[in-house]
Amino acid sequence: MNIITKTDYKTASKSFEHLLHIMDELREKCPWDKKQTFETLRNLTIEECYELADAILEQKPDEVKKELGDVLLHIVFYSKIASETGDFTVTDVINSLCEKLIYRHPHVFGEEHLENQEQVKERWEQLKMKEKGRPKSVLGGVPNSLPAIVKAARMQQKARAVGFDWEHKEQVWDKVTEELAELKHEMTLENNQEKIENEFGDFLFSMVNAARLYGIDPETALERTNKKFKRRFEYLESKTIAQGKDLHTMTLAEMDEYWEEAKREEKAP
């Protein structure tokens with residue numbers, strides 16, 4: 001396989017032109033494609049993004065390539081629909097993106113000097129706010145429909161960009177300990193469920209903060225654990241079925257034996 005370090009602009013241009021031609025044909029001649037709108041595509045787009053995220057986590061380059069193609073198809077599809085109503089074209093989409101990237105990277109396309117990726121992220125948020133005018137809130141750009149953990153991380157990042165953060169990352173552990181103590185207290189009192197959920201949410205929010213400060217993506221970390229749990233539990237199921245046993249009648253101690261065996265299998269060279 002050839003390793004390409006620079007974009008082959010000519011080939012990329014021809015490929016993109018081919019894709020646009022295919023989209024024109026589909027929109028004109030395919031009954032399903034002709035019926036689609038922004039609204040009907042929305043949930044499908046969300047699904048494609050999650051499929052891309054899965055492929056990235058599973059470290060499957062071929063699958064990532066395919067899923068990126070699906071996401072690109074949706075971008076072209078939306079642009080085609082918008083061009084039919086006179087709202088915008090795919091050229092407008094690309095030009096808008098190019099302008100934004102140049103504007104928000106003054107350390108690359110201008111005279112500014114930034115030392116590290118943290119400074120780049122903070123400058124990006126500052127320029128984003130300046131570009132859009134003074135928003136009602138620093139947190140205004142965080143989409144409401146984001147998953148809760150992702151939303152928490154994004155809000156914390158935006159708050160950091162204006163200086164609302166701990167001076168030293170180690171300070172976050174005092175907050176984590178405080179929130180855990182409050183959660184335990186509410187659970188001990190067996191108060192109403194809403195109070196317990198509120199304290200649980202506060203504890204999760206503090207853990208997301210800790211993850212951010214230590215350079216961990218909390219959504220990715222939790223998804224890796226989800227996949228690990230699924231892998232080990234399916235191992236447990238396969239072993240019990242192979243031995244003619246039933247999970248419903250097994251003791252926890254018996255199931256733990258297979259669980260520990262699954263863990264040993266993962267660590268084996």
Side-chain angles (χ1 to χ4, degrees), residues 42-43 45-58 118 121-122 125 128 135-237 247-248 250-260 262-263 266:
R42 178 179 178 274
N43 286 338
T45 306
I46 293 171
E47 183 180 332
E48 294 296 352
C49 289
Y50 276 112
E51 288 179 0
L52 171 59
D54 281 346
I56 292 171
L57 277 180
E58 292 165 4
E118 283 303 315
K121 286 166 64 176
E122 289 180 17
E125 292 296 339
K128 185 175 181 180
K136 293 181 180 178
S137 169
V138 171
L139 308 180
V142 180
N144 290 326
S145 57
L146 281 177
I149 288 182
V150 178
K151 188 190 296 185
R154 288 295 294 131
M155 289 194 298
Q156 291 167 7
Q157 289 166 358
K158 284 184 173 291
R160 174 184 172 81
V162 294
F164 189 73
D165 204 0
W166 283 280
E167 291 183 10
H168 306 288
K169 65 182 181 182
E170 294 80 10
Q171 293 173 309
V172 73
W173 296 115
D174 290 336
K175 187 62 175 175
V176 170
T177 302
E178 174 191 327
E179 297 296 354
L180 180 58
E182 291 177 2
L183 172 60
K184 286 182 175 179
H185 178 69
E186 288 296 333
M187 287 183 164
T188 301
L189 294 177
E190 296 184 356
N191 282 330
N192 66 58
Q193 191 68 15
E194 184 177 352
K195 283 188 176 181
I196 294 174
E197 286 180 358
N198 286 340
E199 293 300 339
F200 194 84
D202 290 345
F203 174 67
L204 283 180
F205 194 84
S206 68
M207 285 301 298
V208 171
N209 238 333
R212 173 183 61 82
L213 288 165
Y214 282 83
I216 298 167
D217 181 342
E219 180 73 16
T220 299
L222 181 57
E223 183 55 23
R224 289 188 194 281
T225 297
N226 288 341
K227 289 182 179 296
K228 179 168 60 179
F229 180 87
K230 182 175 184 288
R231 187 170 61 247
R232 291 176 181 175
F233 195 83
E234 288 176 346
Y235 180 92
L236 162 64
E237 288 177 313
L247 284 175
H248 296 89
M250 291 174 65
T251 66
L252 182 58
E254 289 175 319
M255 287 189 279
D256 273 342
E257 288 183 17
Y258 291 119
W259 187 266
E260 292 300 322
K263 289 168 66 175
E266 288 176 0

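Remember, it's a predicted structure, so these values are computed and weren't measured experimentally. Because only heavy atoms are used, hydrogens play no part in the values below, and waters and symmetry mates are left out as well, while side chains stay in.
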Step-by-step side-chain contact (heavy atoms from CB on, under 4.5 Å) determination, Tyr235 to Lys230: CA-CA 9 Å; Tyr235 180 92; Lys230 182 175 184 288; over 6 Å; no
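- Between Lys263 and Asp256 there is no salt bridge, since none of the side-chain N atoms of the basic residue sits less than 4.0 Å from a carboxylate O of the acidic one.
- Of all heavy-atom pairs between Leu139 and Ala159, the closest is CD2-N, 4.5 Å.
- Shown here for Met250 and Glu254, the closest heavy-atom pair between the two residues is CA-OE1, 3.3 Å.
- Using a 4.0 Å cut-off between a side-chain N of Lys or Arg and a carboxylate O of Asp or Glu, Lys227 and Glu58 qualify as a salt bridge.
- Side-chain contact check for Ile46 versus Arg42: some heavy-atom pair is nearer than 4.5 Å.
- Gln193 CD to Asn198 CG: the interatomic distance, rounded to the nearest 0.5 Å, is 10.5 Å.
- The local environment of CZ in Phe200 is sparse, with at most 12 non-hydrogen atoms from other residues, nucleotides or ligands closer than 6.0 Å.
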Gln157/Arg160 under side-chain hydrogen bond (donor to acceptor under 3.5 Å, both in side chains): CA gap, chis, key distance, verdict: CA-CA 5 Å; Gln157 289 166 358; Arg160 174 184 172 81; over 6 Å; no
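- To the nearest 0.5 angstrom, Glu197 atom CD is 9.0 Å from Asn192 atom CG.
- Here the CD-CG distance, from Glu257 to Leu252, works out to 11.0 Å after rounding to the nearest 0.5 Å.
- Across all non-hydrogen atoms, the minimal contact from Lys169 to Leu213 is CD-O, 3.6 Å.
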Candidate pair Leu57 and Thr220, rule side-chain contact (heavy atoms from CB on, under 4.5 Å), full reasoning: CA-CA 8 Å; Leu57 277 180; Thr220 299; 3.4 Å; yes
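- Distance CZ/Arg154 to CG/Leu146: 8.0 Å, rounded to 0.5 Å.
- Between Phe233 and Leu247, the closest side-chain pair of non-hydrogen atoms falls below 4.5 Å.
- Residues Arg212 and Ala153 approach most closely at CD-O, 4.4 Å, considering heavy atoms.
- Inter-residue side-chain proximity for Tyr214 and Glu170 is flagged as met; some heavy-atom pair is nearer than 4.5 Å.
- Taking the side chain as every heavy atom from C-beta outward, Phe164 and Lys158 never approach each other to under 4.5 Å.
- Taking CZ of Arg232 as the reference point, atom CD of Glu260 lies at 8.0 Å (rounded to 0.5 Å).
- In this structure, the side chain of Glu199 does not engage the main chain of Glu194 through any donor-acceptor pair within 3.5 Å.
- Between the side chain of Lys151 and the main chain of Asn144, a donor-acceptor pair closer than 3.5 Å is present.
- Within the 4.5 Å cutoff, the side chain of Ile149 has heavy atoms near those of the Val208 side chain.
- Remark: Thr188 OG1 to Leu183 CG distance equals 9.0 Å, nearest 0.5 Å.
- Proximity of a side-chain donor or acceptor of Gln171 to a complementary backbone N or O of His168 within less than 3.5 Å is detected.
- Residue Ser206 comes nearest to Lys175 through the heavy atom pair CB-CG, 4.3 Å, listed as atom of the first residue, atom of the second, then distance.
- We find that Glu266 and Lys228 are not joined by a salt bridge, their nearest charged nitrogen and carboxylate oxygen being 4.0 Å or further apart.
- No side-chain heavy atom of Leu52 sits less than 4.5 Å from a side-chain heavy atom of Glu48.
- Using a distance-only test at 3.5 Å, with no hydrogens or angles considered, no donor-acceptor pair links the side chain of Glu186 to the main chain of Glu182.
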